[in-house]
Structure formats: C-alpha cells, structure tokens
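So you know, we letter chains A, B, ... as the sequences are listed, proteins then strands, and number each from 1. Keep in mind the model is a prediction, meaning the values are calculated, not measured.
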2 protein chains.
Amino acid sequence: MTTIKHDISENDESEESLSIDDHQIMTMSVKELNTLLKSMKPNDAANIKRRRRILKNKGYAASSRHRQTSMVGNLSVERSQLVRQISQLQHENESLSQELRGWKQRYSDLQLLASPIGTVSQSTAAKSNNVKEPSH
Amino acid sequence: MTTIKHDISENDESEESLSIDDHQIMTMSVKELNTLLKSMKPNDAANIKRRRRILKNKGYAASSRHRQTSMVGNLSVERSQLVRQISQLQHENESLSQELRGWKQRYSDLQLLASPIGTVSQSTAAKSNNVKEPSH
DNA sequence: ATGATAAGTGAGCAC
DNA sequence: GTGCTCACTTATCAT
C-alpha cells in the first residue's frame with residue numbers, strides 16, 4: 001500500500017525510472033495520498049500535491065484534444081454520409097420524375113384513344129405532355 | 001525608425017506601458033531588428049530575438065485556434081444545411097411518389113373504362129393500385 | 001477535489 | 001526565419 005517505488009520491475013514502456021511513480025501519484029486515492037503526505041516534509045508534500053494536479057491536468061488536456069479531434073472527424077464523416085444520401089435522393093427524385101412523365105404521357109395517349117366514348121368535355125386540351133392533375 | 005519607446009502616446013488598448021513595445025518588437029522587419037540589436041549587449045539581443053519568436057508564436061497559436069474553431073463551426077453549419085436539404089428532397093420525393101400513385105390510379109381507372117374498346121388482353125389484372133410499367 | 005477549456009509557451013516539422 | 005501544430009503548463013470556471 002505504501003510502497004511507492006519500484007513495485008513494478010518489468011517496465012516495457014519508454015519511461016525513465018524517475019517518472020515511474022507519476023502514474024501512482026496520479027492514480028492514488030486521496031486517502032492513500034494523505035496518509036503518505038503526513039510522513040513527509042510539508043514542502044515535499046505540497047510539491048507532490050501540485051504534481052498530482054499537473055499530471056491530472058495533463059490527462060484532461062489530452063482527452064480534451066482527442067475529444068476535439070474526434071468531433072471534427074465525426075462531423076467530416078457525417079458530412080460525407082449526408083452528401084452521399086443527398087445524391088441518392090436526387091437520383092431517386094430524377095427517376096420518379098421521369099416515371100411520372102412516362103405515366104402522364106401514357107395517360108394522355110390512352111385518354112386520346114378513349115375520347116370517342118365518354119363525354120368529350122375538355123379532352124381536346126390534352127396536349128403532348130401537359131395534362132391536368134388528378135383529384136387525388 | 002530606431003525610436004522604440006513611446007512612438008504612440010494615445011493608447012486606448014488595455015495594455016500596460018511595459019508591454020507597449022512588444023508589438024513593435026514583433027512587427028519590426030529583420031533588418032530594422034538587426035540594426036537595433038547591434039547596439040545592445042549580445043545577451044539582451046538574444047533575449048529580444050527570443051521574445052520576438054515567442055510573441056510570433058503566440059499569434060500563430062491564436063490563429064491556429066481560431067482556424068480550428070471556425071472549421072468546426074463551418075462543418076456544423078454545413079451539416080445543418082445538408083440535413084435541411086435532405087428533408088426537402090424527401091418531401092419532394094414523397095410528393096412525387098404520391099403524384100405518381102395518383103396517375104397510376106387514374107390511368108388504371110381510365111384503362112378500365114376504355115377496356116370495352118381495344119383488345120381486352122390483361123386489363124382484368126388491373127387491381128386497385130398495381131399496373132404494369134410503361135415502356136418509356 | 002475534480003474535470004474541462006482558453007491561452008501561452010516550448011519543441012519540432014516544413015517550407 | 002517564418003508559420004503551423006502538438007503537447008504541456010497555467011489560470012480559471014463549474015461541479
């Protein structure tokens with residue numbers, strides 16, 4: 001519990017032996033820390049506390065940066081997706097318009113063919129590609 | 001040219017008189033700077049150069065941050081626009097689909113009405129909303 | 001006490 | 001030398 005130095009002998013990380021305990025200082029609970037600090041010169045204690053704060057801040061800064069970065073990344077990705085979706089919708093739209101034109105034409109043709117039967121009210125106004133809207 | 005201090009008497013900006021020349025140090029051309037530096041103790045000269053670098057860096061950092069910020073801002077705005085455009089396209093799409101359905105129906109009705117005339121080939125298969133595609 | 005962020009500084013890359 | 005950006009520190013704010 002109170003062993004500060006060299007709990008770990010195998011250290012593959014690229015850290016000098018001087019800063020090995022940094023992680024411990026930062027991680028330690030406040031209670032453990034205070035217990036430890038009482039057994040030191042008040043000057044050193046203050047230094048340790050300050051260092052702990054700095055180390056934590058370093059971490060906060062890092063995660064803040066990462067957050068910022070991934071936010072931009074997400075926005076970029078999202079933008080690409082939206083753009084893709086838009087072009088897809090535009091294609092669908094184009095396709096629908098074309099289909100619609102086709103049906104209007106076909107309707108017009110049929111109407112022309114069928115005109116002799118029903119009451120020939122306004123069927124004369126059925127030009128090549130301009131027919132009035134259906135009611136529903 | 002070589003007047004360093006107090007060229008400006010009116011200073012509305014919130015700067016202490018100590019840092020007034022900072023802007024000058026930073027702005028001065030290299031030639032002017034060197035001319036000035038030659039008339040100083042090499043130690044002070046080095047300090048000035050270092051400070052110039054620091055001041056410039058401060059500016060670079062600031063503009064870098066602004067750039068980053070406005071980039072995110074632009075992405076957000078762009079995203080909103082894209083989203084808006086998408087919902088618009090979706091509405092257009094919906095509208096077209098509906099219109100298309102209407103025309104298909106109307107065509108089907110007319111076809112049913114006109115069926116006694118032409119060859120009654122498959123018009124019996126014309127159910128409520130299911131008609132075959134037109135060729136074009 | 002802890003977490004977050006803006007601003008300043010140093011280090012290092014690219015031109 | 002200049003400009004840029006990353007990582008770190010400091011100051012400051014909110015919880």
Counting only side-chain N and O atoms of A/R52, is one of them less than 4.0 Å from OP1 or OP2 of C/dA1?
-> no
Give a yes/no answer on whether the side chain of A/S64 brings an N or O atom under 4.0 Å of OP1 or OP2 in C/dA4.
-> no
Could you tell me the separation between the NE2 atom of B/H66 and the C1' atom of D/dG3, rounded to a whole number of Å?
-> 16 Å
Connected-component partners of B/L89 among ILVMFWY, side-chain separation under 4.5 Å | A/L82, A/V83, A/I86, A/L89, B/L82, B/V83, B/I86
Atom-to-atom span, CG of A/L33 to P of C/dT2 - whole angstrom = 9 Å
Among all residues two or more places apart in sequence or in another chain, which pass the side chain to side chain contact (heavy atoms under 4.5 Å, CB included) test with B/N57?
-> B/R53, B/Y60
Those residues at least two apart in sequence (or on a different chain) that pass side-chain hydrogen bond (donor to acceptor under 3.5 Å, both in side chains) with B/E94 are none
Whole-Å distance between D/dG1 P and B/K56 NZ?
-> 11 Å
Non-neighbouring partners of A/K58 that pass side chain to side chain contact (heavy atoms under 4.5 Å, CB included), sequence neighbours left out = A/L55
How does each nucleotide of nucleotides 9-15 of chain C score, in 5' to 3' order, for protein heavy atoms under 4.0 Å: base (B), sugar-phosphate only (S), or none (-)?
-> BS-B---
Applying side-chain hydrogen bond (donor to acceptor under 3.5 Å, both in side chains) to A/Q68 and not counting sequence neighbours gives none
Selection from C/dA4, D/dG1, D/dT2 that lies nearest to any side-chain heavy atom of B/Y60 = D/dT2
Gap between atoms CE and P, on B/M26 and D/dT2 respectively (whole Å) = 12 Å
Between atom CG in B/L37 and atom P in D/dG1, what is the gap in whole Å?
-> 11 Å
Taking all non-hydrogen atoms of both residues, which atom of B/K104 and which atom of A/E99 are closest, and how far apart?
-> NZ-OE2, 3.8 Å
Whichever of B/R67 and B/K49 has the more 5' nearest nucleotide on DNA chain D, that residue is B/K49
